[in-house]
Amino acid sequence: GIIAAPSDQSAGLTWSNGSYFWTYANNWGIGGGSYNTDIVVSAQGDGIYAAQLCKDLVLNTYDDWYLPSKTELDKLYDNRALIGGFANNYYWSSTEDNWDGARRRHFGNGASNGDYKNMPWAVRAVRSF
């Protein structure tokens, strides 16, 4: 299973570190976010962007946080009332769409689609158990 951080790590942060290229972070499934996050951080390098922020997070002594995959993000959306603290905004997943886009989900209206990696969307980290 997955556990969500109790609050957002950012209200608006880009998916990428300013460069457009394929990272091949294309895992959609449960548990895939950890793989995707590692791939993105390895490809993008140091900086302030969604995957790096989650990977660097230490919360309640846990340091194994990551940006959720598209399916993991969908599970957060499905359970948003129980988890709480989500904004009426898009949230990034770690799942890449193509060289210049990645998947996102709106936690107000439920829209689920891709967007340019340089858009500043909300970030909520998760970890596996």
Side-chain angles (χ1 to χ4, degrees):
I2 59 172
I3 298 172
S7 61
D8 293 345
Q9 279 54 68
S10 176
L13 198 58
T14 60
W15 191 93
S16 73
N17 197 16
S19 300
Y20 283 151
F21 57 86
W22 281 101
T23 66
Y24 300 99
N26 54 11
N27 194 312
W28 286 62
I30 299 293
S34 179
Y35 168 83
N36 288 345
T37 298
D38 288 344
I39 293 288
V40 172
V41 170
S42 177
Q44 295 281 330
D46 290 335
I48 301 171
Y49 56 98
Q52 183 75 62
L53 181 68
C54 293
K55 186 151 183 80
D56 289 346
L57 180 64
V58 177
L59 182 63
N60 298 330
T61 71
Y62 295 104
D63 63 357
D64 56 349
W65 298 94
Y66 59 88
L67 187 63
S69 70
K70 174 61 174 78
T71 301
E72 291 167 332
L73 187 64
D74 290 344
K75 294 295 182 189
L76 295 185
Y77 176 78
D78 292 344
N79 294 286
R80 65 192 179 282
L82 293 171
I83 299 166
F86 290 102
N88 183 20
N89 196 1
Y90 279 105
Y91 282 79
W92 279 122
S93 82
S94 61
T95 305
E96 191 171 46
D97 250 356
N98 51 46
W99 69 275
D100 69 348
R103 303 301 298 181
R104 65 183 182 164
R105 180 90 190 238
H106 198 283
F107 275 61
N109 64 25
S112 179
N113 49 32
D115 202 359
Y116 293 108
K117 294 175 181 177
N118 67 346
M119 295 300 295
W121 300 125
V123 176
R124 178 74 67 101
V126 298
R127 57 183 298 274
S128 297
F129 66 92

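Hydrogens, waters and symmetry mates are skipped; everything else that's a heavy atom, side chains included, is used.
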Inset, instruction - Measure from the side-chain N and O atoms of Thr71 to the backbone N and O of Trp28, and report whether any donor-acceptor pair falls under 3.5 Å. - result: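 Confirmed, Thr71 side chain pairs with Trp28 backbone.
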Inset, instruction - Anything under 30° is parallel, anything over 60° is perpendicular, the rest tilted; go ahead and classify Trp65 against Tyr62. - result: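 Trp65 vs Tyr62 ring planes: perpendicular.
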Inset, instruction - Specify whether Tyr116 and Tyr20 have parallel, tilted or perpendicular ring planes, treating 30° as the upper limit for parallel and 60° as the lower limit for perpendicular. - result: tilted
Legend entry - Shared hydrophobic cluster for Met119 and Trp15 (ILVMFWY, side-chain gaps under 4.5 Å):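 Yes.
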Inset, instruction - Check the hydrophobic clustering (I, L, V, M, F, W, Y; side-chain heavy atoms under 4.5 Å; chains of links allowed) and say if Trp22 and Val40 are grouped together. - result: yes
Legend entry - Side-chain donor-acceptor contact under 3.5 Å, Tyr35 with Ser69: no
Legend entry - Side chains of Asn113 and Arg104, donor plus acceptor under 3.5 Å: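 Per modelled atom types, Asn113 and Arg104 side chains form a pair under 3.5 Å.
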Does [X] reach the side chain of [Y], with side-chain heavy atoms less than 4.5 Å apart?
X: Leu13; Y: Pro120; result: no
X: Tyr91; Y: Leu67; result: no
X: Lys55; Y: Asp38; result: yes
X: Trp92; Y: Asp115; result: yes

Legend entry - Pairs flagged by salt bridge (charged side-chain N to carboxylate O under 4.0 Å, His left out) wherever residues 14-37 is involved - sequence neighbours left out: none
Legend entry - Lys/Arg-Asp/Glu bridge criterion (N-O < 4.0 Å) met for Lys117, Asp100: no
Inset, instruction - With sequence neighbours left out, write down each residue that passes side-chain hydrogen bond (donor to acceptor under 3.5 Å, both in side chains) with Asn98, or none if nothing qualifies. - result: none
Inset, instruction - Decide side-chain contact (heavy atoms from CB on, under 4.5 Å) for Asp46 and Gln52; before the verdict, give the C-alpha distance in whole Å, the side-chain angles of both, and the deciding distance to 0.1 Å. - result: CA-CA 7 Å; Asp46 290 335; Gln52 183 75 62; 4.2 Å; yes
Inset, instruction - Just do the side-chain contact (heavy atoms from CB on, under 4.5 Å) check on Arg124 and Ile83 with the steps written out, would you? - result: CA-CA 11 Å; Arg124 178 74 67 101; Ile83 299 166; 3.7 Å; yes
Inset, instruction - Verify side-chain contact (heavy atoms from CB on, under 4.5 Å) between Ser93 and Glu72, making sure each step is shown before the conclusion. - result: CA-CA 8 Å; Ser93 82; Glu72 291 167 332; over 6 Å; no
